[in-house]
Amino acid sequence: MCKIIYVSENGNDRQDFTSVTEALQSIPQDNKEPVTICIAPGIYHEKITVDKPFVMLKGMGKGNEETVLTYDDYANLVMEDGSKMGTFRSYSLLVDAHDVTLRNLTIENASGDSATHGQAIALYADGDRIVVDGCRLLGHQDTLFTGPLPPKEMVKDGFIGPKQYAPRINGRQYYKDCYICGDVDFIFGSATAYFENCTIESLRRFSDALTDAKAENESQSHEQKEQIQGYVTAASTPEGQAFGYVFADCKIIAGGCPKHSVYLGRPWRDYAKTVFIDCIIEEHIRPALFHDWNKEKARETVFYGICQKDTSEAFAERADFVQEISPKRAQEFSKEKVLAGDDAWCPA
């Protein structure tokens, strides 16, 4: 039997709580039974943590745009002690439990553009058997973090946040019928994550006018000069993990980005794994498909692959470390195989 809790920002005849946080706090920490929190349409400005298992957050609007969970922290925000907030404290919603489902919601980091605010996570998902179904994830840089964190920081205090010292448990995550937008590394992390029938939109970071005006400016970044608007993924798949990111039957769309201005991904860690199977990929993606992040060693250790039914010629210029996956081999990346694990999990 599933317990149902109702949330409404304005209150109604059957509402239990007026905030998602209050509803979550009412659930026992050692919860063992399914709980669905039904959230009425509205805008909920809360920094939310789901730290109990078997919980579903479900938007009750006709569409996912009607129930919005939003916050506006960001990496460049200066804290009271003079330090910056950093990436991993910037989340709007943190999932820190197994067997959590998010359905029919918009989860947003509303801080603003990445040039001014830096990294700003909308959804920080760290757990096993996480399902995100029919949701919109909105942000700019680092919109979706599929935890856990890598074992070691690249820079001191780079992992400051709620999971800095937690054990690294590489769980499985399933994203179905979602819309995810951003610009730089806006899907990143270590989890095994399967994206099915999702729309992935790259947002434009800077305009042609800005680039033209600074064409002779030596301080202009290489990315501006080359009109590199961003990177869709930045996987940090651990060495030895069978799967990283798999995108199946997704739409990779431009969001106003010029032709050949975005990469499908780059390796946050050297063993990154990212595969695109039968996806619609618009012309904003660069012919090389993936970037090596100037990590020569990673070219030998990453697994980047693409399988398209009728567009092999379109990707003939792919980087030499990007594999073309045959339709037969693509069967190895089915949802059932990628997410099975030791318990044969297969989300409906």
May I have the step-by-step check of side chain to side chain contact (heavy atoms under 4.5 Å, CB included) for Ser114 and Arg205, ending in yes or no?
-> CA-CA 8 Å; Ser114 56; Arg205 275 196 294 166; 3.9 Å; yes
State the CZ-OH distance between Phe195 and Tyr174, to the nearest 0.5 angstrom.
->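 If we round to the nearest 0.5 Å, Phe195:CZ and Tyr174:OH are 11.5 Å apart.
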For Tyr175 against Ala193, the heavy-atom pair lying closest together |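 Result for this residue pair: CE1-CB, 4.2 Å.
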Please output the side-chain donor-acceptor pairs of residues 52-65 that fall under 3.5 Å, not counting sequence neighbours, one pair per line with the distance.
| residue | atom | partner | partner atom | Å |
| --- | --- | --- | --- | --- |
| Lys52 | NZ | Leu24 | O | 2.8 |
| Lys52 | NZ | Ile27 | O | 2.8 |
| Asn64 | ND2 | Gly134 | O | 3.0 |

Under 30°, 30 to 60°, or over 60°: which ring-plane class applies to Phe303 and Phe333, parallel, tilted or perpendicular?
->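 Rings of Phe303 and Phe333: parallel, under 30°.
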Within the distance-only criterion (no hydrogens, no angle test), does the side chain of Ser236 pair as donor or acceptor with the backbone N or O of Trp268 below 3.5 angstrom?
->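 Checking the backbone N and O of Trp268 against the side chain of Ser236, no donor-acceptor pair under 3.5 Å is found.
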Which atom names give the shortest non-hydrogen contact between Cys2 and Thr36, and what distance separates them?
->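 Scanning both residues completely, I find the closest heavy atoms to be SG-OG1, 3.3 Å.
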Evaluate whether atom CD1 of Ile43 has more than 12 neighbouring non-hydrogen atoms of other residues, nucleotides or ligands under 6.0 angstrom away.
->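 No, not enclosed.
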Check the angle between the aromatic planes of Tyr263 and Tyr231 and answer parallel, tilted or perpendicular using the 30° and 60° thresholds.
->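 Aromatic pair Tyr263/Tyr231 classed parallel.
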Could you give me the CA-CA distance, side-chain angles and deciding distance for Tyr6 and Phe17, then say whether ring-ring contact (aromatic ring centres under 6.0 Å, His included) is met?
-> CA-CA 7 Å; Tyr6 294 96; Phe17 298 98; over 10 Å; no
Within a reach of under 6.0 Å around CD of Glu283, are more than 12 heavy atoms found that belong to other residues, nucleotides or ligands?
->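 No - once you tally the heavy atoms of other residues, nucleotides and ligands closer than 6.0 Å, there are 12 at most.
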Going from OH on Tyr245 to OG1 on Thr274, what distance comes out if it is rounded to the nearest 0.5 angstrom?
->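 Atom-to-atom, Tyr245:OH and Thr274:OG1 are 7.0 Å apart.
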Rounded to the nearest 0.5 Å, what separation is found between the CZ atom of Arg172 and the NZ atom of Lys335?
->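 Interatomic distance, Arg172 CZ to Lys335 NZ, rounded to 0.5 Å: 13.5 Å.
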All pairs passing salt bridge (charged side-chain N to carboxylate O under 4.0 Å, His left out) where residues 142-168 contributes a residue, at least two apart |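 Qualifying pairs, neighbours excluded: Asp96-Lys163, Asp126-Lys163.
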Taking Arg329 for the side chain and Ile325 for the main chain, is one N or O donor matched with an acceptor at less than 3.5 Å?
->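 Absent.
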Flag yes if more than 12 heavy atoms outside Gln29 fall under 6.0 Å of its CD atom; otherwise flag no.
->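 Counting neighbours around CD of Gln29, more than 12 heavy atoms of other residues, nucleotides or ligands fall under 6.0 Å, so yes.
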Using the side chain to side chain contact (heavy atoms under 4.5 Å, CB included) rule, take Ile39 and Val20 through it: C-alpha gap first, then chi angles, then the decisive distance, then the call.
-> CA-CA 8 Å; Ile39 309 170; Val20 179; 3.8 Å; yes
With no hydrogens and no angle check, is any side-chain donor or acceptor of Asn109 less than 3.5 Å from a backbone partner on Asp72?
->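 Absent.
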Chi angles and distances behind the side chain to side chain contact (heavy atoms under 4.5 Å, CB included) call for Ser261, Ile228 = CA-CA 5 Å; Ser261 64; Ile228 299 172; over 6 Å; no
Passing option when Arg136 is tested against Thr106, Asn104, Thr199 for side chain to side chain donor-acceptor pair (under 3.5 Å) =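 When side chain to side chain donor-acceptor pair (under 3.5 Å) is applied between Arg136 and each of Thr106, Asn104, Thr199, only Thr106 qualifies.
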Look only at the side chain of Gln119 and the backbone of Gly86, and say whether a donor-acceptor pair between them is shorter than 3.5 Å.
->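 Answer holds: no.
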Salt bridge (charged side-chain N to carboxylate O under 4.0 Å, His left out) assessment of Asp183 paired with Arg204 | CA-CA 7 Å; Asp183 48 38; Arg204 187 168 184 146; over 6 Å; no
Residues Asp99, Arg129: salt bridge by 4.0 Å N-O rule |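 The answer is yes: the pair qualifies as a salt bridge.
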To the nearest 0.5 Å, what is the distance between SG (Cys135) and CG (Leu144)?
->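 Taking SG in Cys135 and CG in Leu144, the distance rounds to 11.0 Å.
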Enter the distance from Tyr71:OH to Ser111:OG here, rounded to the nearest 0.5 Å.
->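 Between atom OH of Tyr71 and atom OG of Ser111 there are 12.0 Å.
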Report the C-alpha separation of Lys47 and Asp73 in whole Å, then their side-chain angles, then the decisive distance to 0.1 Å, and conclude whether the salt bridge (charged side-chain N to carboxylate O under 4.0 Å, His left out) test is met.
-> CA-CA 9 Å; Lys47 194 174 180 75; Asp73 278 341; 3.0 Å; yes
Is the shortest distance from a Lys or Arg side-chain nitrogen in Arg266 or Asp292 to a carboxylate oxygen in the other one below 4.0 Å?
->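 Looking at Arg266 and Asp292, the cut-off is not met.
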Is the backbone of Ile121 close enough, under 3.5 Å, to the side chain of Ser90 for a donor and an acceptor to pair up by distance?
->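 Here the side-chain-to-backbone pair exists.
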Could you tell me which non-hydrogen atom of Ser334 sits nearest to which non-hydrogen atom of Tyr194, and how far apart they are?
->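 Shortest heavy-atom contact: C-CE1, 3.8 Å.
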ring-ring contact (aromatic ring centres under 6.0 Å, His included) assessment of Tyr91 paired with Phe145 = CA-CA 9 Å; Tyr91 62 86; Phe145 177 51; over 10 Å; no
Verify, without hydrogens or angle tests, whether Thr237 (side chain) and Lys273 (backbone) share a donor-acceptor contact under 3.5 angstrom.
->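 Between the backbone of Lys273 and the side chain of Thr237 there is a qualifying donor-acceptor contact (under 3.5 Å).
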If only atom types and distance count, is the side chain of Thr116 paired as donor or acceptor with the main-chain N or O of Asp113 below 3.5 Å?
->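 Between the backbone of Asp113 and the side chain of Thr116 there is no qualifying donor-acceptor contact (under 3.5 Å).
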Name the orientation class of the two ring planes belonging to Tyr74 and His117 (parallel below 30°, tilted from 30 to 60°, perpendicular beyond 60°).
->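 Rings of Tyr74 and His117: perpendicular, over 60°.
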Work out which heavy atom in Pro150 is nearest to a heavy atom in Phe159; give both atom names and the distance.
->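 Smallest heavy-atom distance, with atoms named: O-CE1, 3.3 Å.
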Pair Arg318 + Glu324: basic N to acidic O under 4.0 Å =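 Yes, charged N to carboxylate O under 4.0 Å.
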Between the main-chain N or O of Cys198 and the side-chain N or O of Tyr179, is there a donor-acceptor pair closer than 3.5 Å?
->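 No: the side chain of Tyr179 does not pair with the backbone of Cys198.
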Under the side chain to side chain contact (heavy atoms under 4.5 Å, CB included) criterion, do Leu94 and Ile48 qualify, and how do the steps go?
-> CA-CA 6 Å; Leu94 167 64; Ile48 297 168; over 6 Å; no
Does Glu317 use its side chain to pair, donor to acceptor, with the backbone of Pro287 at less than 3.5 Å?
->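 Flag not set: sc Glu317 to bb Pro287 has no pair under 3.5 Å.
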CG/Asp81: more than 12 non-hydrogen atoms of other groups inside 6.0 Å |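 Yes - once you tally the heavy atoms of other residues, nucleotides and ligands closer than 6.0 Å, there are more than 12.
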Any chance you could measure Cys279, atom SG, to Gln308, atom CD, to the nearest 0.5 Å?
->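 So the gap between those two atoms works out to 6.0 Å.
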Those residues that, when tested against Ala298, pass side chain to side chain contact (heavy atoms under 4.5 Å, CB included) (two or more places apart) |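 For Ala298 the side chain to side chain contact (heavy atoms under 4.5 Å, CB included) partners, ignoring immediate neighbours, are Pro267, Asp270, Lys295, Thr301, Val302.
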